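Below is one structure, written out as C-alpha cells; the observations come after it.
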Amino acid sequence: MCDPDNADKKQSSNGGTLLQYTAAISASLTMAGTATCIAWSTSAIPHLKSENSKIQITEMQGSLIASLNYIGMIVGFASSPFLMDRLGRKLSLILVGLSQIVGWLLINQSQSVHALYIARIISGISDFSFIVSMIYAGEIADKKIRGTLSSIQILSFSLGIFYMITIGAFLSYETVNKLGFLIPIIFLITFAFMPETPYYLLIRGRDDEAINTLMKLKNTDNKDDIKLDLERMKAAIVESRENCKSSFHELYSTSGCRRSFLALLFLKVTKQLSGITAIVVYGQEILNQSGFSLESKYLIVILCAGKVFSGIITTSLIDILGRKIILLISAFGTCLALTVVGFFFFLQNYLKIDCTTFNWLPFVGLMIHVITFNIGLAHVPAVFVGEVFSIKVKVLAASFALTAEAFVGFLIIVNFIPMTETIGIYGTFWFFAVMCLIGPIISNLIVPETKGKYLEDIQIQIQRRSSRLAMKPLLFK
C-alpha cells in the first residue's frame, strides 16, 4: 500500500493538480455568472428610475427588482439536492449555465416592470451554483489545495460583481444587458470538457469511470497512486449506504451533523445580516449621502475592486492560516468597519454636525468592510460546506442553509430602505455590525479546524468532538 505523503509529493512534482485547478476555475464561472445577476440591479435600478428609461419604476418596485432574485434562489436551492443526486455535479452545473442564459434573454426582452420581476426570479433560480460549484470543487480537490480551490469559487463571485459593477458604471443599460451573456457562454464552452467528480461516479456504481477520472485528476497512469484515495471514497460511500436513515433524518438526529448544520446556518445567515448585499445593491445611494466628492458609481467600482483583491489574499492564505483564524479576523474587522460608518452617519444625520472635512470616512469604512468580509465571512462558509458534512447529507445541508440565507437576503434587500427610514442609516449599520459576530463565534466553538485534513477524517473528528462536547462545556479545540 502506498504512502499518502509520498503520493502527495509525487502529484505535486508532476503537475498532478493542473486538471483540478482547471476544472475548479471553469466551474467557478457559474459563480461569476450568479454574481452578475445579483449585481445587475446596482446600475440597472438608478437607470430604471431615471427619465431616460423606457420602463419607469417606483422606489418600492426598485426594491422588488433587487430582491426578487432571492426568491428565485430559494427555488433553486430547494431543487438542488434532487438535481445533484439525479443528474450529477457536472450536469447540474451545466444546467446553471443554461438557466443564466435564459435569465439574460428575459431581461433583454423585458418591456415592463412585471416582465423584469419574472426575469429576476428566473435569474435567481440559477444561483444554486453556490451549492454545486462548491461541492464540485471539494470533491475533485486534493486535501492540500481543497481550501484554495473552494476559495476560487468565491473569488470568481467577487470578479463577477466587479465585472458587472464596472460595465454598469461606464456602459449603457442595453449594452450591459447584452454583456450579461458573456460569462455563462464561456462557462458552457469550457466546462463541457471537464470531468464528473469521482465521488458521484462511485455513488452511481460507475467504478471504472471513477478510477479513470481520479487518475486524470492526479495526473498518473499508475492505479496504485490512487489506491488510498479510492479506498477512502468507497469506505465513505459504503458507510453512507449502510445507514438506513434518510438524509433528512441523519441531518438532525446525528449529533455531529446537527452541530455542523447549526454552525453552517449561523454563518450563512450572518453573511446576509452583515449587510454586504445591501451595500452592493444600494452602494451608490449610501455613498451619495456621505457627500464625498467622487461620483458614487466610481466609488462602488473601487469597492468591488477591493473585494476582488481581498479574495485573492484569502485564496492564498486559507490553506496556510486555517479557517478559524481567518473567520475571526474577518468578523471583528467587519464589525469595526460598520461601526465607524454608522458613527459618521450618526454625527451627520442625527446630531446634524457638519462632516464635510471627513466625508471620505464612509467610503473608507465600506472599503474595509468589503475587504474584511471577503477575507473570511464570504470564503469560510463556502469551504465549510464541502468539508464538514458526509457525502449523504452535504447537499441537503447546503440546500437548507442557503435557502435560509436567500430568505434573509430577500428580507434585508426589500427592507433596507424602510429600515434606514425607521432607525436611521446609522442604526442600520450598527445592527449589521452586531450581527457580524454571531455566526463566526458560534461556528468556532462548534467546529474543529479542517485545514489539511481528508474529508473522511474531518467527519470522524467532528463525531468524536460532538461526543466529548456532549459531556462537558464547549471549549475551543
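Since we're looking at a predicted model, the values are computed, not measured.
Side-chain contact between Met73 and Ile125 is absent, with no heavy-atom pair separated by less than 4.5 Å. A 4.5 Å side-chain heavy-atom check between Met233 and Pro198 finds at least one atom pair inside the cut-off. Side-chain contact between Thr270 and Pro440: present, with at least one pair of heavy atoms (C-beta onward) separated by less than 4.5 Å. Leu366 places a side-chain heavy atom less than 4.5 Å from the side chain of Val341. The shortest side-chain heavy-atom distance between Phe358 and Leu361 falls under the 4.5 Å cut-off. Counting only heavy atoms from C-beta outward, the side chains of Leu327 and Leu267 approach each other to under 4.5 Å. Taking 4.5 Å as the limit, every side-chain heavy atom of Ser290 sits out of range of all side-chain heavy atoms of Phe363. With contacts defined as side-chain heavy-atom distances shorter than 4.5 Å, the pair Ile425/Ile286 qualifies.
Residues meeting the ring-ring contact (aromatic ring centres under 6.0 Å, His included) test with Phe332, sequence neighbours left out: none. Legend: residues meeting ring-ring contact (aromatic ring centres under 6.0 Å, His included) with Tyr282, ordered by chain and number and at least two apart, are Phe416. Judged as a ring-ring contact (aromatic ring centres under 6.0 Å, His included), and not counting sequence neighbours, the contacts of Tyr136 are Phe191. For Gln153, there are no side-chain hydrogen bond (donor to acceptor under 3.5 Å, both in side chains) partners, not counting sequence neighbours. When the side chain to side chain contact (heavy atoms under 4.5 Å, CB included) test is applied to Leu338, the partners found at least two apart in sequence or on another chain are Ile279, Thr334, His369, Phe429, Phe432, Ala433, Cys436. Judged as a side chain to side chain contact (heavy atoms under 4.5 Å, CB included), and not counting sequence neighbours, Ala78 has no contacts. Taking the side chain to side chain contact (heavy atoms under 4.5 Å, CB included) definition, one finds that Glu59 meets it with Lys49, Glu285, Ile417, sequence neighbours left out. In terms of the side chain to side chain contact (heavy atoms under 4.5 Å, CB included) criterion, residue partners of Tyr117 (sequence neighbours excluded) are, by chain and number, Gln61, Leu64, Ile65, Leu68, Val113, His114. Under the ring-ring contact (aromatic ring centres under 6.0 Å, His included) criterion, Phe345 pairs with no residue, sequence neighbours left out.
The two atoms that bring Ser123 and Ile107 nearest to each other are OG-CD1, 4.1 Å, heavy atoms only. Between Val414 and Pro418, the shortest heavy-atom distance links the atoms O-CD, 3.8 Å. The two residues Val96 and Ser126 come nearest to each other via the heavy atoms CG1-O, 3.3 Å. Minimum heavy-atom separation, Leu149 to Ala137: O-CB, 4.0 Å. Pairing each heavy atom of Gly168 with each of Val176, the nearest pair is CA-CG2, 3.8 Å. Heavy-atom minimum distance, Ala23 versus Ile140: CB-CD1, 3.7 Å.
Side-chain atoms of Asn374 never come within 3.5 Å of backbone atoms of Val370 as a donor-acceptor pair (strictly under, hydrogens ignored). In terms of modelled atom types and a separation under 3.5 Å, the side chain of Ser330 and the main chain of Ile326 share no donor-acceptor contact. Between the side chain of Asn415 and the main chain of Leu411, a donor-acceptor pair closer than 3.5 Å is present. With hydrogens and angles ignored, the 3.5 Å screen pairs no side-chain donor or acceptor of Glu139 with any backbone N or O of Tyr199. A donor-acceptor pair under 3.5 Å links the side-chain atoms of Gln348 to the main chain of Gln289, judged by distance alone. Of the possible donor and acceptor atoms, one in the side chain of Thr197 sits under 3.5 Å from a partner among the backbone N and O of Tyr200. Without hydrogens or angle criteria, Thr422 side chain to Met419 main chain gives no donor-acceptor distance under 3.5 Å.
Remark: Thr420 OG1 to Asn349 CG distance equals 10.0 Å, nearest 0.5 Å. Here the straight-line distance linking atom CG of Leu273 with atom CZ of Phe266 works out to 10.5 Å at 0.5 Å rounding. Rounding to the nearest 0.5 angstrom, the gap separating the CG atom in Leu336 from the OG1 atom in Thr372 is 8.5 Å. Atom-to-atom distance recorded for Leu48:CG and Ile57:CD1 is 4.5 Å, nearest 0.5 angstrom. To the nearest 0.5 Å, the span separating CZ on Arg120 from OG on Ser67 amounts to 8.5 Å. Separation of atoms CD (Glu196) and CZ (Arg89) is listed at 7.0 Å; rounding is to 0.5 Å.
Residue pairs meeting the side chain to side chain donor-acceptor pair (under 3.5 Å) criterion with at least one member in residues 35-47, sequence neighbours excluded, are Trp40-Asn177.
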Show me the side-chain donor-acceptor pairs of residues 179-190 shorter than 3.5 Å, one per line, residues at least two apart or across chains.
from	atom 1	to	atom 2	distance (Å)
Thr190	OG1	Ser26	OG	3.0
Thr190	OG1	Ile186	O	3.1
Thr190	OG1	Phe187	O	3.1

Please report, to 0.1 Å, the donor-acceptor pairs under 3.5 Å made by any side chain of residues 402-409, with sequence neighbours excluded.
from	atom 1	to	atom 2	distance (Å)
Thr403	OG1	Ser399	O	2.7
Glu405	OE2	Gln272	NE2	3.4

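Checked options Asn69, Ile413, Ile161; the residue passing with Ile38 is Asn69 (criterion: side-chain contact (heavy atoms from CB on, under 4.5 Å)).
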Q: Check the pair Trp430, Phe343 against ring-ring contact (aromatic ring centres under 6.0 Å, His included), reporting the backbone distance first and the verdict last.
A: CA-CA 8 Å; Trp430 287 341; Phe343 183 69; 7.4 Å; no
Q: Under the side-chain contact (heavy atoms from CB on, under 4.5 Å) rule, what do Leu91 and Leu95 come out as? Steps first, then yes or no, please.
A: CA-CA 6 Å; Leu91 285 179; Leu95 187 60; over 6 Å; no
Q | Full working for side-chain contact (heavy atoms from CB on, under 4.5 Å) between Leu217 and Asp142 | A | CA-CA 9 Å; Leu217 289 169; Asp142 288 331; over 6 Å; no
Q: In sequence, state the C-alpha distance, the side-chain angles, and the governing distance for Phe170 and Tyr298, and then conclude on ring-ring contact (aromatic ring centres under 6.0 Å, His included).
A: CA-CA 9 Å; Phe170 297 101; Tyr298 301 127; 5.5 Å; yes
Q: Go through the steps to decide whether Phe162 and Val301 satisfy the test side-chain contact (heavy atoms from CB on, under 4.5 Å), and finish with yes or no.
A: CA-CA 7 Å; Phe162 179 70; Val301 170; 3.9 Å; yes
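A donor-acceptor contact closer than 3.5 angstrom links the side chains of Thr34 and Ser129.
Ring centers of Tyr70 and Phe410: at least 6.0 Å apart, outside the cut-off.
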